[in-house]
2 protein chains.
Amino acid sequence: MTTAENLAQAVTPVVEDYLKTIYLMRRAHEQVKTVSLAARMKVKPSSVTAMVKALAEMGLVEHEPYYGVHLTANGERIALEVIRHHRLIELYLVEVLGFTWDEVHEEAEVLEHVISEKLEARIAAHLGHPAVDPHGDPIPKLDGTLPDTATRSLADVPERTSARLVRVCDQNAERLRYLAGLGVVPGAEVMVTAIAPFEGPVSVRVGKKIHALDRRLAQTILVED
Amino acid sequence: MTTAENLAQAVTPVVEDYLKTIYLMRRAHEQVKTVSLAARMKVKPSSVTAMVKALAEMGLVEHEPYYGVHLTANGERIALEVIRHHRLIELYLVEVLGFTWDEVHEEAEVLEHVISEKLEARIAAHLGHPAVDPHGDPIPKLDGTLPDTATRSLADVPERTSARLVRVCDQNAERLRYLAGLGVVPGAEVMVTAIAPFEGPVSVRVGKKIHALDRRLAQTILVED
DNA sequence: AGCAAAGTTTAGACCAGACTAAATTTTAAT
DNA sequence: ATTAAAATTTAGTCTGGTCTAAACTTTGCT
């Protein structure tokens, strides 16, 4: 505080969104560069340049041009808080208010920025301090830690092997409805019956039916290790 | 749509707040003039001038300088929607998540602008389509109507008469906690034991205890007709 | 090593919504 | 009828966040 950092800016919803996105991209082992961040945030690269500069001045990120952005401890704390809000809200909407898993992302996307810590606490308590949201995404703990979930995808399961689904890393509503229709949801027990060559589809048996899933889609579906 | 009104602006949270405030002030029979609206919105009068001009261009209000602002049909529709959100959220927080009535106003103040119509519907259904919020404030119906509640206040009840409390028109958290501590909440049955002269306090018996309430406070407490 | 493509930043504009300070208009009190 | 006080508006500035267009830097391919 000896330096002239008194000019601290506000952590607005937009700032929270940038931090959240940076966190999630790094977590997914993507490079967080101006262009890729712009694509994720649906803004132009020049807007990212300006915002990253502001975030750096707030002490929330560090930026190495042409290399990437990463969060400081403060930035990460905020990102995890927002992600915790998001995932708690998603689960609450499904468990308590009867939403389906394809409906909750958009709703949580705005609510995550405006709920108080008190409301967050009540929601968490009401849900019994859950570990994962309806998509199987882990919910950051209050202490700012985020446990890892499985990293093995359905496309990595050997043919003729069973696996229990734990997570679906996709927030497209139509695909989520499609998967739910097939019974492909966290918790389901499935058998991989075939994996076509040349990046072809992955066939799985759910109950008595067999469904062929596009390889890229199968890669977003994670199974228990 | 033949005129050049295609330049329609967005109904932002700030716009919603102005409309809501204008509605509530008129409903309370207050004049809605630049200065009084500025005081309510906690902005400077010049900001109100600018915003009222914008609202008028959007067709949401009409403004007669030195006389007052009033809502158009469209403006009123939006105002009532926001008030419906606000009051449903307040009740939900109390009934489902264990909030107290003094905690919910601030929370609802931001949530009211961001919940979807779907979430509003789920909340209303979950609560059984309630008529009033925790303060006894009526909840606007889906059809855009807002039933009146009682208009007689505790200060209008004759001495040595009983009355049932139906509404507390105060959103100050400390006063609400104070009143709750006395048992002065909607639904309570009280007896007015004395009304002091010269705008003096109103004494009420709640259960076995007698409490003296400031006249202005008593006037915010409405009783059944 | 040279050069095009890709990535990044700068410069300048815009919008919403607030502000201050100054001007203007209306009201109300003598 | 005058005039002081109150109310309102105008003019210009600021901030956060976006944009386009143009410039600049790095990377990577031949």
Side-chain angles (χ1 to χ4, degrees), chain A residues 4-22 25-26 30-70 75 78 82 109-110 112-114, chain B residues 4-22 25-26 30-70 75 78 82 109-110 112-114:
Chain A
E5 311 220 13
N6 314 340
L7 341 161
Q9 298 289 42
V11 176
T12 62
V14 173
V15 166
E16 291 183 348
D17 273 333
Y18 273 90
L19 296 175
K20 181 183 69 167
T21 302
I22 292 165
M25 286 176 76
R26 289 194 76 89
E30 294 173 45
Q31 280 195 303
V32 186
K33 304 173 78 174
T34 306
V35 164
S36 52
L37 185 50
R40 279 294 199 93
M41 292 296 301
K42 299 193 176 167
V43 298
K44 301 298 169 190
S46 56
S47 304
V48 169
T49 298
M51 178 55 78
V52 166
K53 189 182 157 200
L55 295 176
E57 272 162 14
M58 289 187 240
L60 300 176
V61 306
E62 278 164 22
H63 182 212
E64 197 86 38
Y66 294 92
Y67 174 70
V69 184
H70 69 267
I78 296 170
V82 175
E109 202 63 18
V110 288
E112 65 188 10
H113 303 295
V114 299
Chain B
E5 310 223 12
N6 314 341
L7 343 161
Q9 298 289 42
V11 176
T12 61
V14 172
V15 166
E16 290 183 349
D17 274 332
Y18 273 90
L19 297 175
K20 182 183 69 167
T21 302
I22 293 166
M25 287 177 75
R26 289 194 77 88
E30 294 173 45
Q31 281 195 303
V32 186
K33 305 173 78 173
T34 305
V35 164
S36 52
L37 185 50
R40 279 295 198 92
M41 293 296 301
K42 299 194 176 165
V43 299
K44 301 296 168 190
S46 56
S47 304
V48 169
T49 298
M51 178 55 78
V52 166
K53 189 183 159 201
L55 294 176
E57 271 163 15
M58 290 187 239
L60 301 175
V61 306
E62 278 165 20
H63 182 211
E64 198 85 39
Y66 295 92
Y67 174 70
V69 185
H70 69 267
I78 295 170
V82 175
E109 202 63 16
V110 287
E112 66 187 10
H113 304 295
V114 299

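Convention: sequence-line order gives letters A, B, ...; per-chain numbering from 1. Note that the structure is predicted; figures quoted are calculated from it, not measured.
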Where the side chain of [X] is concerned, which of [options] is the nearest nucleotide?
| X | options | value |
| --- | --- | --- |
| B:Pro45 | D:dT8, C:dA18, D:dT20 | D:dT8 |
| B:Val35 | D:dT18, C:dA16, D:dT8 | D:dT8 |
| A:Pro65 | C:dT9, D:dT9, C:dG17 | C:dT9 |
| A:Ser46 | C:dT8, D:dT9, C:dT10 | C:dT10 |
| B:Val43 | D:dT18, D:dT8, C:dA18 | C:dA18 |

Phosphate OP1/OP2 of [N]: any [X] side-chain N/O under 4.0 Å:
| X | N | result |
| --- | --- | --- |
| B:His63 | D:dT9 | yes |
| A:Ser47 | D:dG17 | no |
| A:Tyr66 | D:dG28 | no |

Nucleotide [N], atom [atom2] - distance to [atom1] of [X] in whole Å:
| X | N | atom1 | atom2 | value |
| --- | --- | --- | --- | --- |
| B:Tyr67 | D:dA7 | OH | C1' | 16 Å |
| B:Lys53 | C:dA16 | NZ | P | 12 Å |
| A:Glu64 | D:dT25 | CD | C1' | 15 Å |
| A:Leu37 | C:dT9 | CG | P | 11 Å |
| B:Asp17 | C:dA18 | CG | C1' | 14 Å |
| A:Met51 | C:dT10 | CE | P | 16 Å |
| B:Lys33 | C:dT26 | NZ | P | 12 Å |
| B:Leu55 | D:dT9 | CG | C1' | 16 Å |

Sort out for me which residue in A:Lys53, A:Met58, A:Glu57 forms a side chain to side chain contact (heavy atoms under 4.5 Å, CB included) with A:Leu55.
A:Met58
Checking the side chain of B:Thr21 only, and the main-chain atoms of B:Asp17 only, is there a donor and an acceptor separated by less than 3.5 Å?
yes
Short side-chain to backbone donor-acceptor contact, B:Arg26 and B:Val69, under 3.5 Å
yes
Distance check, rounded to the nearest 0.5 Å: B:Glu112 atom CD versus B:Lys20 atom NZ?
3.5 Å
Can you find a donor-acceptor N/O pair under 3.5 angstrom joining the side chain of B:Thr49 to the base of D:dT10?
no
Does any non-hydrogen side-chain atom of B:Val52 lie less than 4.5 Å from one of B:Tyr18?
no
